[in-house]
Amino acid sequence: MQLFTIFGDPVSHSRSPLMHNHVFNVLNIDACYTRSQLTDGSKLREVFFAKALNGANITVPHKEAAYDACDEIRGLAKEIGAVNTIINENGRLIGYNTDADGFLAAIQSFGLLRNALILGAGGTAKALATVLRQNSIEPTILNRSANRLSYFVDNGFQSYGWDTFIPNTYDLIINTTSAGLSDDLLPIDDCVLGSLLTNAVCAIDVIYGKETPFLKMVKKANLPYKDGSDMLLEQGVLANALFINNAASYETIRTVMSQSFNY
Ligand code: NDP
């Protein structure tokens with residue numbers, strides 16, 4: 001039996017085991033996907049081998065540590081510097097990032113967008129900034145603390161800490177912070193957010209499965225919005241295709257995996 005897991009802290013909220021196990025069951029793949037609470041990201045490689053895993057997903061806050069844990073990085077993950085999917089290829093850990101393309105697929109229904117404001121500067125923000133720029137949707141980054149901005153500054157992204165923020169108008173407002181995940185906090189001051197939303201076209205929170213304070217404000221502003229469910233599905237489809245070595249098409253995996261959202 002092939003073994004997969006999701007590493008994170010916290011990880012109990014993750015829907016990934018449900019999604020991947022449903023695909024394995026329906027497609028008759030002899031595999032099992034579990035959750036692994038991991039506090040110290042620097043132990044990821046050691047724990048991966050101790051659990052004899054074939055592959056893994058990585059969630060908050062270990063995506064950058066996962067990048068460092070790999071022997072080889074493929075695709076957009078190289079530019080992003082963060083990994084959310086690892087495949088064990090004959091004892092070598094190969095790192096990928098499926099968040100970026102998963103996010104891009106999720107925002108297609110919003111239509112044409114010129115620019116976006118990304119709240120947060122963690123692993124997810126790096127993935128989104130990279131893929132948005134590649135697709136001509138100019139991203140700006142706004143983060144609580146300035147010390148995480150160096151990646152964005154070094155890579156030529158317009159970046160601000162809370163203290164230095166000079167607001168512009170943005171078509172899409174994205175919450176990639178973990179504010180609202182296990183608390184009732186907004187990702188930025190409510191007055192600043194209120195005025196950004198007044199001038200925005202749409203908004204998305206990458207947190208899924210709950211109405212965060214951010215999404216509550218978006219709803220009040222009457223904007224088209226999404227939570228992170230579509231992104232979760234799309235990044236999961238891409239990761240599952242890697243886990244099963246493309247034994248089924250994206251369409252088949254998407255159809256089967258989306259059924260698990262009804263549970
Ligand atoms: P990281 O830990 O790498 O980054 C977290 C970011 O959130 C940092 O920029 C941090 O700012 C900011 N932050 C945390 N708490 C607050 C707060 N109270 N107020 C303002 N900013 C805050 O996390 P990831 O980028 O890996 O993940 C972020 C979120 O995205 C998680 O909720 C995760 O579940 C979700 N996610 C969803 C996906 C999906 O498929 N739907 C896929 C990937 C992620 P600072 O630097 O100041 O600490």
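Counting starts at 1 for both ligands and their atoms, in listed order. Hydrogens, waters and symmetry mates play no part in the numbers below; they use all other heavy atoms, side chains included.
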*Asks:* Using a 4.0 Å heavy-atom cut-off, which part of Lys63 comes near ligand 1: side chain, backbone, both, or neither?
*Replies:*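 Just the side chain.
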*Asks:* Flag Ala125 as yes when one of its N or O atoms lies below 3.5 Å from any N or O atom of ligand 1, and as no otherwise.
*Replies:*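 No, there is no polar N/O contact under 3.5 Å.
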*Asks:* Would you please indicate if the ring centroids of Phe243 and His20 are separated by under 6.0 Å?
*Replies:*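 For Phe243 and His20, the ring centres are under 6.0 Å apart.
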*Asks:* So, do Ile244 and Ile253 sit near enough that their side-chain heavy atoms are less than 4.5 Å apart?
*Replies:*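 Side-chain contact under 4.5 Å: yes.
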*Asks:* Which of the numbered atoms in ligand 1 are below 4.0 angstrom from a heavy atom of Pro61?
*Replies:*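 Those qualifying, in numeric order: 2 (O).
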*Asks:* Does Asn245 use its side chain to pair, donor to acceptor, with the backbone of Ala247 at less than 3.5 Å?
*Replies:*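 The answer is no, because no donor-acceptor pair under 3.5 Å joins these two groups.
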*Asks:* Which heavy atom of the protein is the closest neighbour of atom 20 (C) of ligand 1, given with residue, atom name and distance?
*Replies:*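 In this structure, atom 20 (C) of ligand 1 has Pro187 O, 3.4 Å as its nearest protein heavy atom.
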*Asks:* If the cut-off is 4.0 Å to any non-hydrogen atom of Gln235, which atoms of ligand 1 fall inside it?
*Replies:*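 Going through ligand 1 atom by atom, the ones under 4.0 Å from Gln235 are 40 (O).
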*Asks:* Below 4.0 angstrom from a heavy atom of Ala179, which ligand 1 atoms are there? Numbered from 1 as shown, please.
*Replies:*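 The atoms of ligand 1 under 4.0 Å from a heavy atom of Ala179 are 17 (C), 18 (N), 19 (N).
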*Asks:* Looking at atom 47 (O) of ligand 1, what's its closest protein heavy atom, distance included?
*Replies:*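 Ranked first by proximity to atom 47 (O) of ligand 1 is Ser145 OG, 2.7 Å.
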*Asks:* Please determine, by modelled atom types, if Tyr33 and Asn57 share a side-chain donor-acceptor pair under 3.5 angstrom.
*Replies:*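 On atom types as modelled, these side chains qualify, holding a pair under 3.5 Å.
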*Asks:* Considering only heavy atoms of Gly120, which atoms of ligand 1 have at least one such atom less than 4.0 Å away?
*Replies:*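 Answer for ligand 1: 9 (O).
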*Asks:* Under 3.5 Å between any N/O of Thr124 and any N/O of ligand 1: does that happen in this structure?
*Replies:*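 Thr124 vs ligand 1: N/O contact under 3.5 Å present.
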*Asks:* Say whether Tyr208, considering both its backbone and side-chain N or O atoms, lies within less than 3.5 Å of an N or O atom on ligand 1.
*Replies:*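 No, Tyr208 has no N/O under 3.5 Å of an N/O on ligand 1.
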*Asks:* Can you report which non-hydrogen protein atom sits closest to atom 23 (O) of ligand 1, along with the distance?
*Replies:*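 Answer, as residue, atom name and distance: Val60 CG2, 3.4 Å.
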*Asks:* Any donor and acceptor pair, going by atom type alone, linking the side chain of Asn25 with main-chain N or O of Asn21 inside 3.5 Å?
*Replies:*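 Judged by distance alone, yes, a pair lies under 3.5 Å.
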*Asks:* Under 3.5 Å, N or O to N or O, is Val206 touching ligand 1 that way?
*Replies:*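 Between Val206 and ligand 1 (N or O atoms, distance only) the closest approach is under 3.5 Å.
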*Asks:* Taking both backbone and side-chain atoms of Ile207, is any N or O found less than 3.5 Å from an N or O belonging to ligand 1?
*Replies:*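 Between Ile207 and ligand 1 (N or O atoms, distance only) the closest approach is not under 3.5 Å.
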*Asks:* Looking only at distances, can you tell me whether any N or O atom of Asn147, backbone or side chain, sits closer than 3.5 Å to an N or O atom of ligand 1?
*Replies:*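 For ligand 1, there is no N or O atom that lies under 3.5 Å from one belonging to Asn147.
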*Asks:* Report, as yes or no, whether the 6.0 Å neighbourhood of atom CZ on Phe49 holds more than 12 heavy atoms from other residues, nucleotides or ligands.
*Replies:*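 Above 12, so yes.
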*Asks:* Evaluate Thr59 for polar contact with ligand 1, using N/O atom pairs at a separation under 3.5 Å.
*Replies:*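 In this structure, Thr59 places no N or O atom under 3.5 Å from an N or O of ligand 1.
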*Asks:* Quick check: do Phe7 and Arg35 have side-chain heavy atoms less than 4.5 Å from each other?
*Replies:*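 Side-chain contact under 4.5 Å: no.
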*Asks:* Taking non-hydrogen atoms only, is Ser178 closer than 4.0 angstrom to ligand 1 via side chain, backbone, both or neither?
*Replies:*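 Contact part for Ser178 vs ligand 1: both backbone and side chain.
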*Asks:* Any cation-pi pair here, Arg15 with Phe261, using under 6.0 Å and within 45°?
*Replies:*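 Judged by the rule, Arg15 and Phe261 form a cation-pi pair.
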*Asks:* Just need the protein heavy atom nearest to atom 12 (C) of ligand 1, so name the residue and atom and give the distance.
*Replies:*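 Answer for atom 12 (C) of ligand 1: Thr177 CB, 3.7 Å.
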*Asks:* For atom 19 (N) of ligand 1, find the nearest protein heavy atom and state the residue, atom name and distance (0.1 Å precision).
*Replies:*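 Heavy-atom neighbour on the protein nearest atom 19 (N) of ligand 1: Arg144 NH1, 3.7 Å.
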*Asks:* Are a donor atom and an acceptor atom from the side chains of Ser249 and Thr252 found within less than 3.5 Å of each other?
*Replies:*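 Yes, side-chain donor-acceptor contact under 3.5 Å.
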*Asks:* Side chains of Asn54 and Asn88: any donor to acceptor distance under 3.5 Å?
*Replies:*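 No, no side-chain donor-acceptor contact under 3.5 Å.
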*Asks:* Any N or O on Leu181 sitting closer than 3.5 Å to an N or O of ligand 1?
*Replies:*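 N/O-N/O distance under 3.5 Å: no.
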*Asks:* Can you check whether Gln235's main-chain N or O pairs, donor with acceptor, with Thr98's side chain at less than 3.5 Å?
*Replies:*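 Side chain of Thr98 to backbone of Gln235, a donor-acceptor pair under 3.5 Å: yes, one is there.
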*Asks:* Can you check whether Ile173 reaches Leu197 side chain to side chain, under 4.5 Å on heavy atoms?
*Replies:*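 A side-chain contact under 4.5 Å exists here.
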*Asks:* By the definition side chain to side chain contact (heavy atoms under 4.5 Å, CB included), identify the one residue from Leu132, Asp171, Asn168, Asn115 that meets it with Glu138.
*Replies:*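 Result: among Leu132, Asp171, Asn168, Asn115, Asn115 is the only option passing the side chain to side chain contact (heavy atoms under 4.5 Å, CB included) with Glu138.
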*Asks:* Do ligand 1 and Ala121 have nitrogen or oxygen atoms that lie under 3.5 Å from each other?
*Replies:*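 Ala121 vs ligand 1: N/O contact under 3.5 Å present.
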*Asks:* Looking at atom 29 (C) of ligand 1, what's its closest protein heavy atom, distance included?
*Replies:*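 It is Thr176 O, 3.5 Å.
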*Asks:* Would you mind reporting whether Glu72 and Arg92 have side-chain heavy atoms less than 4.5 Å apart?
*Replies:*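 They are in contact (side-chain heavy atoms under 4.5 Å apart), so the answer is yes.
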*Asks:* Can you tell me which portion of Leu232 lies within the under-4.0 Å heavy-atom range of ligand 1? Options are side chain, backbone, both, or neither.
*Replies:*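 It is both parts that get close, each with some atom under 4.0 Å.
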*Asks:* Identify the closest protein heavy atom to atom 1 (P) of ligand 1: which residue and atom is it, and at what distance?
*Replies:*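 Atom 1 (P) of ligand 1 sits closest to the protein heavy atom Arg148 NH2, 3.7 Å.
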*Asks:* Just to confirm my output: which protein heavy-atom neighbour is closest to atom 11 (O) of ligand 1, and how far is it?
*Replies:*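 The closest one turns out to be Asn143 OD1, 3.3 Å.
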